[in-house]
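Data block below; observations after.
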Protein chains: 2
Amino acid sequence: MAFRSEILIKLDKKGRVLLPAAFRDELPADDRGAFVLYHSPNVAGVVNGNSRSGFDAMLERLRIEALGTKGALKVALDDEAFDPAGYLSASARTIALEPDGRFTMPTEFAETLDADDGVTLVGKGDKFQLWNPARWQARRDADRQKMAAFVRGLSAGEA
Amino acid sequence: MAFRSEILIKLDKKGRVLLPAAFRDELPADDRGAFVLYHSPNVAGVVNGNSRSGFDAMLERLRIEALGTKGALKVALDDEAFDPAGYLSASARTIALEPDGRFTMPTEFAETLDADDGVTLVGKGDKFQLWNPARWQARRDADRQKMAAFVRGLSAGEA
DNA sequence: GGAAATCCCATGATATCCCATTGTATCCCG
DNA sequence: CGGGATACAATGGGATATCATGGGATTTCC
């Protein structure tokens, strides 16, 4: 289960988006009917996606990581303390897939993306992202530079 | 069964509130007709909600983990000892859902929320919360900062 | 008997279902 | 290996169902 590739998908006037077959195939076989979209916790304009189980697994890791000295029970009861997993849950929505693999983009995410007629789906391995196509181009170009520099750094260290 | 998303719902002049479909769908299939509301144990103005079974499971966990088997037994018999699960039970009410998914907000919770024409429902995974919309905005903005800081902290540790 | 809760019906907006089209892979057959 | 034939991917659009909400009418309960 690893999301790969980068695909530009139409956003039709009804607000529907196709989850490409390459991504649908990465959803767990027993839960292909729905997945999760959630706002990026630290990048405005980016929406993340994952299978329900993938999202839940991330929350689980988060809880363990963030718990520290506090017990799970305290986190469950304490409404005052900041709870990263709870924060992500609030920013997430379960999205039902139509039989043909499309879904209706909720308004909140459409606004975040600020996309009018298309969305770029980007595989990130253990999750995927939705980008405004133009913004993604810019980001990818920037990443290309960083990747080249990163690889240079690797070879230097190995020599 | 995980409550997600954040939805602003009208509170009409009859005091009715809609439990959104996204939340109703997370109630156990065999118990969709009612759920539980209870006051936050440590934040004034916040009301928590869960399925009946979810609420019961939390109380059970509280009894076992916080008190131990012996302690739970003691609390069951000793009316003098403080019983956190009993305290929560007293602050809770079972709420019946109308066929169309709405419920009448009990006065005690309406007063706690201090909401006049709307309530924000917030999914927290294991439970959900009702907030006064304005107060929720403030809380969410604060949480957004904390989330960004939390993410920064993670990447620093990894480097 | 009257306030509060419940039932029922109405409505606009959105989401879902279903069918159709087109292009591109994939398959099959000799 | 060529040449359709076939399957499936991606998209468009009409019809239908469901969601969220308002409000009248009826019931419930001290």
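To find a chain, count down the sequence lines: A is the first, B the second, and so on, and within it residues start at 1. Everything numeric in this text was worked out from a predicted model, so none of it was measured.
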With DNA chain D as reference, determine whether A:Ala22 or B:Asp12 sits nearer its 5' end, using the nearest nucleotide of each.
A:Ala22
Note, B:Leu19 side chain near B:Ile95 side chain (heavy atom, < 4.5 Å)
no
Quick check: are there more than 12 heavy atoms from other residues, nucleotides or ligands sitting under 6.0 Å from NZ of B:Lys146?
yes
Report yes or no: do B:Leu37 and A:Leu77 belong to one cluster of Ile/Leu/Val/Met/Phe/Trp/Tyr joined by side chain heavy-atom distances under 4.5 Å?
no
For nucleotides 8-13 of chain C, just jot down a letter per nucleotide in 5' to 3' order: B, S or -, based on protein non-hydrogen atoms under 4.0 Å.
B-----
Bend across the helix from C:dG1-D:dC30 to C:dG30-D:dC1, to 10°, with axes taken over 5 pairs at each end?
60°
Of B:Leu11 and A:Leu19, whose closest DNA chain D nucleotide lies nearer the 5' terminus?
A:Leu19
Both B:Ala96 and A:Lys14 contact DNA chain C. Taking the nearest nucleotide for each, which residue is further toward the 5' end?
B:Ala96
Spatial distance of atom CG (B:Asn42) from atom CG (A:Asp78) [nearest 0.5 Å]:
4.5 Å
Aromatic rings A:Phe35 and A:Phe128: how do their planes relate, parallel, tilted or perpendicular, breaks at 30° and 60°?
tilted
Of all nucleotides in DNA chain D with an atom under 4.0 Å from a non-hydrogen atom of chain A, which is the first and which the last going 5' to 3'?
D:dA9 to D:dA15
Just checking A:Arg4: does its CZ atom have more than 12 heavy atoms from other residues, nucleotides or ligands closer to it than 6.0 angstrom?
no
What residues in residues 103-114 of chain B put a non-hydrogen atom under 4.0 Å from any atom of DNA chain D?
none
Applying side-chain contact (heavy atoms from CB on, under 4.5 Å) to B:Asp100 and not counting sequence neighbours gives B:Glu98, B:Arg102
Please say which of A:Glu65, A:Met58, A:Arg63 ends up in a side-chain contact (heavy atoms from CB on, under 4.5 Å) with A:Arg61.
A:Met58
Just distance, no hydrogens or angles: give the donor-acceptor pairs under 3.5 Å from side chains in residues 103-127 of chain A, sequence neighbours left out.
| from | atom 1 | to | atom 2 | distance (Å) |
| --- | --- | --- | --- | --- |
| A:Glu108 | OE2 | A:Arg93 | NH1 | 3.2 |
| A:Thr112 | OG1 | A:His39 | ND1 | 3.4 |
| A:Thr112 | OG1 | A:Glu108 | O | 3.1 |

Give, for atom CZ of B:Phe23 and atom CG of B:Leu18, the distance between the pair rounded to the nearest 0.5 Å.
10.5 Å
